[in-house]
Amino acid sequence: MGISEIIAKWYHEKKRDLPWRKAETPYHIWISEIILQQTRVVQGLEYYNRFIEKYPSVIELANAPLDDVLKLWQGLGYYTRARNLHLTAQKIAFELKGQFPRTYQELLKLKGIGPYTAAAIASIAFKEPVALVDGNVFRVLSRLFCIQMPVDTKAGKQIFEKLAADILDPVKPDIHNQALMELGALICLPKNPACSNCPLIRNCKAHAEKKIELFPVKSGKIKQRIRYYNYLFIRDRDYTYLHKRTGKDIWNSLYEFPLIESDVSMKFHKLSSSQEWFALFGDRKTQVDRYPKTYKHQLTHQILYCTFYYIEVGFTLDSSTDKGLIRIPFNHLSRYAVPRIIEKYIDNLHQEGMF
DNA sequence: AAAGCGGGGGC
DNA sequence: GCCCCAGCTTT
């Protein structure tokens, strides 16, 4: 038996029961693939269920306000995915009359759909014989054939794409592709792989040479950036203020409390004498009646030290629209999509009975 | 070709 | 603490 036959047989016996494997409409496949980009299945599962329930087809998604889509996405990370999902839904619903593009090349033109996702949708939903390459496939193939080329380089990706195409079963590309990924997810794990349960143990070069832990090869390390975020939870009776993030920084399109950022850790007296503080409050009286709470928030490329100040004011911030601030009652807070760290602070306030 | 983009879980 | 997860977009 060839590799493709072996993994197909294994897949039919051992595959997980996942919701997107039931209804194979391109819409369902698409939603699942976007959610699962750089995201573990267990983490994306409930998001997928909620998404399909609220937006059963591309029409409902296209007609939804972007802020609602982002709210549903809250906590999942990589929020560009949600914005592109919405954008592409509108393109399909309104420009393509609800017709999903049916080929790899056409899918690739859509926002948020790159080589992996185009191959996944084309092969799974339309049975087009294209091989997909994701993190699982990198790992399985690098071990199977002892590929020394780093997976995180241009040249490396090309090697793996060619290899994946070579072993593809063109008759059942959907089964083949999913079987290869499932093998990576369940057996050929990054650490402590379950080689004794692997159907390809006789085919695996790395296993034969006892070099499993040496693959896949990666070239680079990423460096971290440290930032200090001073968040101002402003309490004006039952109201507070939010700000919508824009630009190319993290959390684009999400909401947060008014923020004063600095490169170094900032003491309160420094903060309250800063220009940003003055721009918000002027010389008016503020009462900071809570010791600030500081959380460390770890992102892939950044470490954020977020300090939250609870500030009571006896006035309404004027020209707040000019500063990009929106004034909202407390009980509307849950309507806004916010970063996890903001959500955690709000939860904390609830637990302390602050509302 | 490299950097930037979240958050969580396993070890 | 480090690594990785059904990657894509921008520079």
Side-chain angles (χ1 to χ4, degrees), chain A residues 15-16 18-21 28-48 70 73-85 87-88 107-125 131-140 150-158 160-161 164 174 176-186 188-193 213 216 218-225 227 245 247-254 295-304 337-344:
Chain A
K15 69 179 176 185
R16 289 168 291 182
L18 301 174
W20 46 87
R21 288 181 177 157
H28 288 80
I29 303 297
W30 172 52
I31 298 296
S32 72
E33 292 300 343
I34 302 298
I35 286 177
L36 293 176
Q37 286 170 7
Q38 293 292 284
T39 304
R40 292 171 191 273
V41 166
V42 289
Q43 190 188 358
L45 210 46
E46 282 314 302
Y47 282 88
Y48 174 82
L70 285 165
W73 202 269
Q74 176 176 304
L76 199 51
Y78 286 155
Y79 298 92
T80 301
R81 292 184 292 174
R83 295 197 308 276
N84 283 336
L85 200 66
L87 207 60
T88 293
L107 288 161
L108 204 49
K109 295 176 183 172
L110 300 173
K111 278 284 188 184
I113 296 185
Y116 162 78
T117 307
I121 299 173
S123 65
I124 298 172
L132 59 78
V133 182
D134 76 329
N136 291 304
V137 176
F138 278 134
R139 196 166 54 252
V140 172
V151 298
D152 55 348
T153 63
K154 185 88 168 175
K157 284 183 181 22
Q158 289 177 350
F160 282 92
E161 280 167 16
D174 51 337
H176 174 95
N177 280 333
Q178 293 183 87
L180 210 49
M181 289 192 289
E182 193 79 340
L183 191 69
L186 298 182
C188 199
L189 305 167
K191 287 178 182 171
N192 304 320
E213 300 293 347
K218 304 213 168 181
S219 68
K221 274 201 193 307
I222 56 173
K223 46 187 170 188
Q224 296 267 0
R225 171 184 178 193
R227 307 168 80 173
R245 293 180 68 95
K248 293 172 183 171
D249 206 346
I250 58 174
W251 302 331
N252 182 4
S253 306
L254 268 63
Y295 303 89
K296 180 179 178 181
H297 192 59
Q298 178 82 55
L299 303 179
T300 301
H301 300 262
Q302 304 186 17
I303 301 171
L304 306 181
V338 297
R340 276 294 277 147
I341 192 66
I342 300 285
E343 189 187 14
K344 282 179 182 172

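The figures here come from the full heavy-atom set of this structure, side chains too, leaving out hydrogens, waters and symmetry mates. Order of the sequence lines sets the chain letters (A, B, ...), proteins ahead of strands, with each chain counted from 1.
Take the nearest nucleotide of DNA chain B for A:Q158 and for A:R81: the residue whose nucleotide is more 5' is A:Q158. In this structure, A:L18 and A:L108 both approach DNA chain C, and ranking their closest nucleotides by distance from the 5' end singles out A:L18.
In this structure, A:I113 reaches the sugar-phosphate backbone alone: every heavy-atom distance under 4.0 Å involves primed, P, OP1 or OP2 atoms, never a base. Within the 4.0 angstrom heavy-atom criterion, no nucleotide atom of any strand lies near A:R83. Nucleic acid contact class of A:W20 (heavy atoms, under 4.0 Å, all strands): base. Contacts of A:G184 with the nucleic acid, taken as non-hydrogen atoms under 4.0 Å apart, are absent. Looking at heavy-atom distances under 4.0 Å, A:D249 makes contact with sugar-phosphate atoms alone, never a base. In this structure, A:R21 reaches the bases: a heavy-atom distance under 4.0 Å links it to at least one base atom across the strands shown.
Distance A:E213 CD to C:dC3 P: 14 Å, rounded to the nearest Å. When rounded to the nearest whole Å, the span between CD1 of A:I121 and P of C:dA6 equals 17 Å. Here B:dG8 presents its P atom at 16 Å from CG of A:L45, a figure rounded to the nearest Å. The separation between A:I35 atom CD1 and C:dA6 atom C1' is 12 Å, rounded to whole Å. Separating the CG atom of A:L107 from the P atom of C:dA6 is a distance of 21 Å, rounded to the nearest angstrom. Rounding to whole angstrom units, CG of residue A:N84 and C1' of C:dT10 are separated by 12 Å. Residue A:Y79 contributes atom OH, which lies 11 Å from atom C1' of B:dC5 at whole-angstrom precision. Rounded to a whole Å, the CD atom of A:Q37 is 17 Å from the C1' atom of B:dG8.
Annotation: C:dT10 and B:dG6 have their P atoms spaced 14 Å apart (nearest Å). Comparing C:dC4 with B:dC5, their C1' atoms are spaced 15 Å from each other, to the whole Å. Comparing the P positions of B:dC11 and C:dA6 gives a spacing of 14 Å, expressed to the nearest Å.
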request  = Check the pair A:R16, A:E182 against side-chain contact (heavy atoms from CB on, under 4.5 Å), reporting the backbone distance first and the verdict last.
outcome  = CA-CA 8 Å; A:R16 289 168 291 182; A:E182 193 79 340; 2.8 Å; yes
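With a 4.5 Å cut-off on side-chain heavy atoms, A:R81 and A:Q37 count as touching. With a 4.5 Å cut-off on side-chain heavy atoms, A:L254 and A:L70 count as touching. Contact of the A:I250 side chain with the A:Y79 side chain is not registered, since no non-hydrogen atoms from C-beta on lie closer than 4.5 Å.
Using modelled atom types, one finds a donor on one side chain and an acceptor on the other under 3.5 Å when comparing A:E33 with A:Y116.
Nucleotide C:dT9 is matched to B:dA3 when pairs are restricted to Watson-Crick or G-U wobble geometry with both distances under 3.5 angstrom.
Taken to the nearest 0.5 Å, the CG atom of A:D134 stands 10.0 Å off from the CG atom of A:L36.
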With 3.5 Å as the limit, what N/O pairs link the protein to nucleotides 9-11 of chain B?
none

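With hydrogens and angles ignored, no donor-acceptor pair under 3.5 angstrom links the side chain of A:T39 to the base of B:dG7. One cannot find a donor-acceptor pair under 3.5 Å joining the base of C:dG7 and the side-chain atoms of A:Y116. If you check distances only, the side chain of A:T117 never reaches the base of C:dG7 with a donor-acceptor pair under 3.5 Å.
Here the side chain of A:K154 is nearest to one of B:dG7, C:dA6, B:dA1, namely B:dA1. Set against B:dG7, B:dG6, C:dA6, the side chain of A:R16 has C:dA6 as its closest nucleotide. For A:Q302, the listed nucleotide lying nearest its side chain is B:dC5; candidates were B:dG7, C:dA6, B:dC5. You'll find that the side chain of A:W251 is closest to B:dG6, out of C:dG1, C:dA6, B:dG6. Among the nucleotides B:dC5, B:dG8, C:dA6, the one closest to the side chain of A:K344 is B:dG8. Nearest nucleotide to the side chain of A:I250, out of C:dC4, B:dC5, C:dG7: B:dC5.
Aromatic ring orientation, A:W20 versus A:Y48: perpendicular (interplanar angle above 60°, classes split at 30° and 60°).
Residue A:H301 has no polar side-chain atom (N or O) positioned under 4.0 Å from OP1 or OP2 of B:dA3. When the side-chain nitrogen and oxygen atoms of A:Q38 are compared with OP1 and OP2 of C:dC5, none of them lie within a distance under 4.0 Å.
Side-chain atoms of A:D152 come within 3.5 Å of backbone N or O of A:S219 as a donor-acceptor pair. Within the 3.5 Å criterion, the main-chain N or O of A:V338 finds no donor-acceptor partner in the side chain of A:E343.
For A:R139, the side chain to side chain donor-acceptor pair (under 3.5 Å) partners at least two apart in sequence or on another chain are A:N136.
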